[in-house]
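The structure under discussion appears below in the form of structure tokens.
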Amino acid sequence: MSIGYACLVIGVPETNMRSVIKKNATEDKLMEVIRHNLHSFEKMVDYNIEEGVGLYRISSDLIPFGSSPVNGLRWWELFREDFERIGQKINQSGMRVSFHPGQYTVLNSPSEDVVERAIEDLRYHNLMLECLGVGYEHKMVLHVGGIYGDKEAASQQFVENFKRLDEPIQRRLIIENDDRLYTVEEVLEMAHQTGSPVVYDNLHHAANPTDDPHDDVYWIRETRKTWKEGDGRQKVHYSQQADDKRVGAHTDTIYLDPFLEYFDKLEDKDIDIMLEVKDKNLSTIKCINATQPQRGIQALEKEWARYKYVVLEHSHTLYNEIRELLKDKSAYPVEEFYASIHRALEQEVEKGQAVNAAQHVWGYFKDIADDKEVRAFQRNLQKYQDGNLKHATFKRQMQRLAEKYEIPYLKQSLYFEL
DNA sequence: TGACGTCAAGATCCG
DNA sequence: CGGATCTTGACGTCA
């Protein structure tokens with residue numbers, strides 16, 4: 001069983017992705033951005049290995065205009081060594097990677113041009129997986145596409161166009177129920193014709209249910225049957241409904257109570273769960289820790305190192321409570337730990353508390369900062385207290401110092417991210 | 001024609 | 001001039 005996240009990571013240095021707009025897409029610029037993005041990708045893979053994250057979705061934007069004539073670079077040759085090196089890390093660690101071409105890759109479109117570009121886009125994604133040298137259990141997830149006034153005909157069109165894909169791409173492709181058009185039942189019907197495994201997305205199902213009501217357990221059981229030898233473990237997407245947003249919009253973070261309820265009900269734990277959530281790796285580590293008590297209190301202490309200053313800033317009371325909670329080294333109070341962090345983050349940041357936290361952080365610099373930096377900090381602190389400097393700006397100044405003085409403990413702190 | 005989703009680039013504003 | 005903040009891009013479908 002693995003739990004994973006999509007594309008981006010929070011609070012890990014050197015993992016940002018860059019992009020290029022069409023009018024600036026010169027060869028030089030494309031080379032530079034691809035090199036940068038591959039470096040970031042490798043750092044994310046390293047992070048995943050370090051943290052024991054076994055499932056990861058790679059960003060489709062890794063190669064800008066990867067499937068478009070705008071990018072004429074033979075990137076698969078130019079960066080062959082990078083792909084191979086990263087692929088080896090993936091294979092050696094047992095990590096499973098995937099791609100999820102977006103809502104604009106539409107295989108069943110009535111427009112031949114759109115279909116051709118969708119095929120080209122899938123080739124691009126598949127080529128990256130081949131460059132990495134990963135097996136066919138590393139998949140590409142696709143939505144079915146549009147309806148165009150006749151769902152039955154559009155479904156048949158999907159099946160027809162599927163046949164046009166190269167054989168390796170057919171083997172990689174898996175299809176997912178979406179939140180508006182194709183229900184899991186309809187996707188299963190197509191999957192029976194194409195032989196594709198089906199990814200069950202619980203929130204899409206809630207937003208776009210089948211006529212006959214069935215629960216997640218039922219649909220996970222049904223979609224499991226589409227996963228065959230060589231496809232790897234069954235994969236599902238999991239997310240939670242944000243109360244204050246439209247139906248189908250997911251929460252910013254995964255709430256452990258409903259997640260654990262979902263998890264406990266899973267009939268077969270031999271499954272990979274891709275979380276779709278704004279806080280990405282943060283929820284992933286939380287859910288991994290919550291389902292793997294054998295990780296021990298060290299796992300929570302490691303988490304605490306990242307969260308402590310942002311918690312302190314929100315609530316001194318909860319900061320102290322969590323410190324108490326972690327004192328018993330034989331216990332594993334994972335649910336209380338994350339519940340307290342969540343409660344803290346929900347609280348408004350009060351100025352006095354923010355100043356207190358900032359002074360804790362400043363402690364890392366006070367002996368190494370030069371006079372100019374010391375004066376700047378004191379000036380900013382005063383300005384912030386007087387209401388003349390935004391909280392975020394004040395913190396960004398300190399983040400710069402953390403980067404300049406290469407302080408690992410602060411560079412990985414969520415104090416600068418949440 | 002806007003909404004949908006996403007995030008960084010580009011553009012512009014400000015001190 | 002550098003940094004902060006706002007707008008655009010890139011994609012296809014549907015209402």
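Fair warning: this is a prediction, and the values are worked out from it, not measured in the lab. Every chain is numbered from 1, with letters handed out A, B, ... down the list of sequences. The analysis underlying the following values was restricted to heavy atoms, covering all of them including side chains, and did not include hydrogens, waters or symmetry mates.
- Nucleotides of DNA chain C nearest to L181(A) and V20(A) differ in position, and the one nearer the 5' end is that of V20(A).
- Protein atom CG of N16(A) is 19 Å distant from nucleotide atom P of dT6(B), rounded to whole Å.
- In the region residues 373-385 of chain A, proximity to DNA chain C at under 4.0 angstrom, judged on heavy atoms, holds for none of the residues.
- As a whole-Å value, the separation of N24(A) CG from dG10(B) P is 5 Å.
- Screening residues 49-68 of chain A for salt bridge (Lys or Arg N to Asp or Glu O under 4.0 Å) gives E50(A)-K302(A), E51(A)-K302(A), E51(A)-R306(A), R57(A)-E276(A) as the qualifying pairs, with residues at least two apart or on separate chains.
- Remark on DNA chain C: of its neighbouring residues R396(A) and G149(A), the 5'-side contact belongs to R396(A), judged by nearest-heavy-atom nucleotide.
- Ring orientation note: the planes of Y262(A) and Y238(A) are tilted relative to one another, at an angle of 30° to 60°.
- Contact annotation for E276(A): no contact, since no heavy-atom pair falls under 4.0 Å across all strands.
- In this structure, CG of N37(A) is placed 10 Å from C1' of dA8(B), rounded to the nearest angstrom.
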Contacts table for residues 197-205 of chain A: side-chain donor-acceptor under 3.5 angstrom, sequence neighbours left out:
residue : atom : partner : partner atom : Å
Y200(A) : OH   : D216(A) : OD1          : 2.6
D201(A) : OD1  : L203(A) : N            : 3.0
D201(A) : OD1  : H204(A) : N            : 2.9
D201(A) : OD2  : H204(A) : ND1          : 3.2
N202(A) : OD1  : S239(A) : N            : 3.0
N202(A) : ND2  : S239(A) : O            : 2.9
H204(A) : ND1  : E176(A) : OE2          : 3.2
H204(A) : ND1  : N177(A) : O            : 2.9

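- In DNA chain B, runs of at least 3 stacked Watson-Crick or G-U pairs (N1-N3 plus N6-O4 or O6-N4, or N1-O2 plus O6-N3, all under 3.5 Å) give these stems: B:1-15 with C:1-15.
- When heavy atoms are screened at a 4.0 angstrom cut-off, K278(A) is found touching no nucleic acid atom at all.
- A distance below 6.0 Å separates the ring centres of H143(A) and H100(A).
- Note: CG (L62(A)) to P (dC7(B)) measures 15 Å, nearest angstrom.
- Checked against side-chain hydrogen bond (donor to acceptor under 3.5 Å, both in side chains), H360(A) has no partners two or more places apart in sequence or in another chain.
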For residues 377-385 of chain A, dump all side-chain donor-acceptor pairs below 3.5 Å to protein atoms at least two apart in sequence or in another chain.
residue : atom : partner : partner atom : Å
N380(A) : ND2  : A376(A) : O            : 3.2
Q382(A) : NE2  : D386(A) : OD1          : 3.2

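- A close approach under 4.0 Å does not occur between any side-chain nitrogen or oxygen of K280(A) and OP1 or OP2 of dT6(B).
- For E167(A), the side-chain hydrogen bond (donor to acceptor under 3.5 Å, both in side chains) criterion is met by no residue, not counting sequence neighbours.
- S111(A) comes within 4.0 angstrom of nothing in the nucleic acid, heavy atoms only.
- Whole-Å rounding puts the Y104(A) OH to dC7(B) P distance at 13 Å.
- Close to dA9(B), at under 4.0 Å from its OP1 or OP2, lies no side-chain N or O of H36(A).
- The cationic group of K22(A) does not satisfy the cation-pi geometry with F65(A), failing either the under 6.0 Å distance to the six-membered ring centre or the 45° limit from the ring axis.
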Give every pair of a protein N or O atom and an N or O atom of nucleotides 13-15 of chain B that lie under 3.5 Å apart, one pair per line with the distance.
none

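- Residue T393(A) is classed as a sugar-phosphate contact, given heavy-atom separations below 4.0 Å to backbone atoms only.
- First and last contacts of DNA chain C with chain A, using any nucleotide atom under 4.0 Å from a protein heavy atom and ordered 5' to 3', fall at dA4(C) to dC14(C).
- Geometrically, K395(A) does not engage F416(A) in a cation-pi contact defined by less than 6.0 Å to the ring centre and at most 45° from the axis.
- Annotation: side-chain hydrogen bond (donor to acceptor under 3.5 Å, both in side chains) contacts of H214(A) (sequence neighbours excluded): none.
- Among the protein residues, G102(A) comes within range of no part of the nucleic acid, since none of its heavy atoms lies under 4.0 Å from any strand.
- When the side chain to side chain contact (heavy atoms under 4.5 Å, CB included) test is applied to R123(A), the partners found at least two apart in sequence or on another chain are I119(A), E120(A), D166(A), I169(A).
- Under the 3.5 Å distance criterion, with hydrogens and angles disregarded, no donor-acceptor pair is assigned to the side chains of H39(A) and D82(A).
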If you look only at distance, which donor and acceptor atoms sit under 3.5 Å apart when one is on a side chain in residues 266-275 of chain A and the other is two or more places apart or in another chain?
residue : atom : partner : partner atom : Å
E267(A) : OE1  : R221(A) : NE           : 3.0
E267(A) : OE2  : R221(A) : NE           : 3.4
E267(A) : OE2  : R221(A) : NH2          : 2.8
D268(A) : OD1  : D270(A) : N            : 3.0
D268(A) : OD2  : R224(A) : NH1          : 3.3
K269(A) : NZ   : F263(A) : O            : 2.8
K269(A) : NZ   : D264(A) : O            : 3.4
K269(A) : NZ   : L266(A) : O            : 3.0
D272(A) : OD1  : S2(A)   : N            : 3.0
D272(A) : OD1  : R233(A) : NE           : 2.7
D272(A) : OD1  : R233(A) : NH2          : 3.2
D272(A) : OD2  : R96(A)  : NH1          : 2.8

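- We find that CZ of F65(A) is positioned 16 Å from P of dA8(B), with the value rounded to whole Å.
- Side-chain contact of Y5(A) with N48(A): a donor-acceptor pair under 3.5 Å is present, judged by distance alone.
- Of the inter-residue distances, the one linking S196(A) atom OG with L142(A) atom CG reads 9.5 Å to the nearest 0.5 angstrom.
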